[in-house]
Amino acid sequence: MRILVVEDDPILADGLEVGLGLAGATVDRLGNCADARAALATTLFDAVVLDLMLPDGSGLDLLRDIRAAGDRTPVLLLTALDETPDRIRGLDMGADDYLGKPFDLDELAARIRAIARRGGGRAAPCLAAGGVVLDPSRLSVTRDGEPVVLSRREFAVLSALMERPGTIRSKGEIEERLYGWQEEVESNTVEVHIHYLRSKIGREAIETVRGLGYRMRAAN
């Protein structure tokens, strides 16, 4: 899961980046509305964590603009506990959820998983394809009931494939899930992770579609 954090408080932004990273997410962070608008126009995110008070405007203005542009990326607002009118306005303007400060990082991660899941049209908390089951909340994977140990990036690749079994995901799409803006993308990293995933969950589970990308088989 790739998440955009729009928060101008560097201490809080640091904590969000570390905490959501430990929960398995790739996190990009920005501190103002202008940069966030540009990022959302060029990069696909699974969710946005948006503070209301930003140095160049209100997070509600940013939310209004991205919804007016047809951007349906799930958005969770960060608000102060006494900002009930702003929370109501935010929900009416298209926010998917909100969380009052101070907040628990585990709850934030769970809420982000929930809005991303709804945004993707899924109801079940776990992903399943054939005999493979992936639990985003526990960062765990099983194959035919047996646990499978994956690295963080192997888990991210498998998540991208299992969100839409049978659908081709291009190498570029998968790379976007693995790397934030400040990270260097290695040329063959997707191929390497696919190779290791096949060795752990079965070669037949992931199909290569020549010239297009990879897809998870819906059934064994």
| Counting only N and O atoms by type, is there a donor-acceptor contact under 3.5 Å from the side chain of Asp56 to the main-chain atoms of Cys33? | yes

| request: Taking atom types as modelled, find out whether Arg198 and Thr208 have a side-chain donor-acceptor pair closer than 3.5 angstrom. | output: yes

| Between Arg67 and Asp71, is there a donor-acceptor pair closer than 3.5 Å when you use the side chain of the first and the backbone of the second? | yes

| query | Nearest heavy-atom pair of Leu60 and Met93: which atoms, and what distance? | reply | O-CE, 3.0 Å

| Ile112-Ile66 co-clustered via ILVMFWY side chain contacts under 4.5 Å | no

| Between atom CD1 of Ile168 and atom CZ of Arg215, what is the distance when rounded to the nearest 0.5 Å? | 4.5 Å

| query | Can you tell me how far OG of Ser170 sits from OH of Tyr214, rounded to the nearest 0.5 angstrom? | reply | 10.5 Å

| query | Side chains of Ser199 and His195: is there a donor and an acceptor less than 3.5 Å apart? | reply | no

| message | Donor-acceptor check, side chain of Lys200 to backbone of Val149, threshold 3.5 angstrom: yes or no? | response | yes

| query | Would you say Ser58's side chain and Leu54's backbone share a donor-acceptor pair under 3.5 angstrom? | reply | no

| query | Are the side chains of Tyr179 and Thr189 in touch, meaning some heavy atoms are under 4.5 Å apart? | reply | yes

| message | Membership question, hydrophobic clusters at under 4.5 Å side-chain separation (ILVMFWY): are Val192 and Ile201 in the same one? | response | no

| field | Exam field: side chain Asp28 to backbone Ile3, donor-acceptor pair closer than 3.5 Å | value | no

| field | N-O pairing of Lys101 and Glu7 below 4.0 Å | value | yes

| task | Treating Ile, Leu, Val, Met, Phe, Trp and Tyr as nodes and any side-chain heavy-atom pair under 4.5 angstrom as an edge, say whether Leu12 and Leu99 lie in one connected cluster. | result | yes

| said: Using only atom types and a distance under 3.5 Å, with no angle test, would you say the side chain of Arg217 pairs donor to acceptor with the backbone of Glu204? | reply: yes

| field | Electrostatic pair Glu176-Arg169, nearest N-O below 4.0 angstrom | value | no

| query | When you look at Asp8 and Asn32, which way does the side-chain contact (heavy atoms from CB on, under 4.5 Å) test go after all the steps? | reply | CA-CA 7 Å; Asp8 66 321; Asn32 60 67; over 6 Å; no

| Check: Val49 and Leu4 side chains under 4.5 Å, non-hydrogen atoms | no

| Taking Asp104 for the side chain and Glu107 for the main chain, is one N or O donor matched with an acceptor at less than 3.5 Å? | yes

| field | Ion pair Arg89/Asp86, N-O distance below 4.0 Å | value | yes

| Atom CD of Glu163 and atom CZ of Arg117: how far apart are they, to the nearest 0.5 Å? | 11.5 Å

| Going hydrophobic residue to hydrophobic residue with side-chain gaps under 4.5 angstrom, can you get from Leu127 over to Val141? | yes

| note | Smallest heavy-atom separation, Arg2 atom then Arg177 atom, equals N-NE, 4.1 Å

| said: Quick one, Met216 with Arg164, criterion side-chain contact (heavy atoms from CB on, under 4.5 Å). Give me CA distance, side-chain angles, the key distance, then yes/no. | reply: CA-CA 8 Å; Met216 190 81 182; Arg164 291 182 290 173; over 6 Å; no

| request: Report the C-alpha separation of Thr26 and Arg152 in whole Å, then their side-chain angles, then the decisive distance to 0.1 Å, and conclude whether the side-chain contact (heavy atoms from CB on, under 4.5 Å) test is met. | output: CA-CA 10 Å; Thr26 297; Arg152 182 179 72 85; 4.1 Å; yes

| Among side-chain atoms of Tyr196 and Ser151, is any donor-acceptor pair under 3.5 angstrom? | no

| said: The criterion is salt bridge (Lys or Arg N to Asp or Glu O under 4.0 Å); which residues satisfy it with Asp61, sequence neighbours excluded? | reply: Arg64

| field | Minimum heavy-atom distance between Thr142 and Pro147, given as atom pair plus value | value | CG2-CA, 4.1 Å

| Single hit among Leu16, Asp14, Leu22 for side chain to side chain contact (heavy atoms under 4.5 Å, CB included) with Val18 | Leu22

| field | Among Val48, Val75, Leu30, Asp65, side chain to side chain contact (heavy atoms under 4.5 Å, CB included) partner for Leu40 | value | Val48

| query | What is the distance from atom CG of Leu108 to atom CZ of Phe103, rounded to the nearest 0.5 Å? | reply | 5.5 Å

| field | Cluster check Leu78, Ile115: I/L/V/M/F/W/Y, side chain < 4.5 angstrom | value | yes

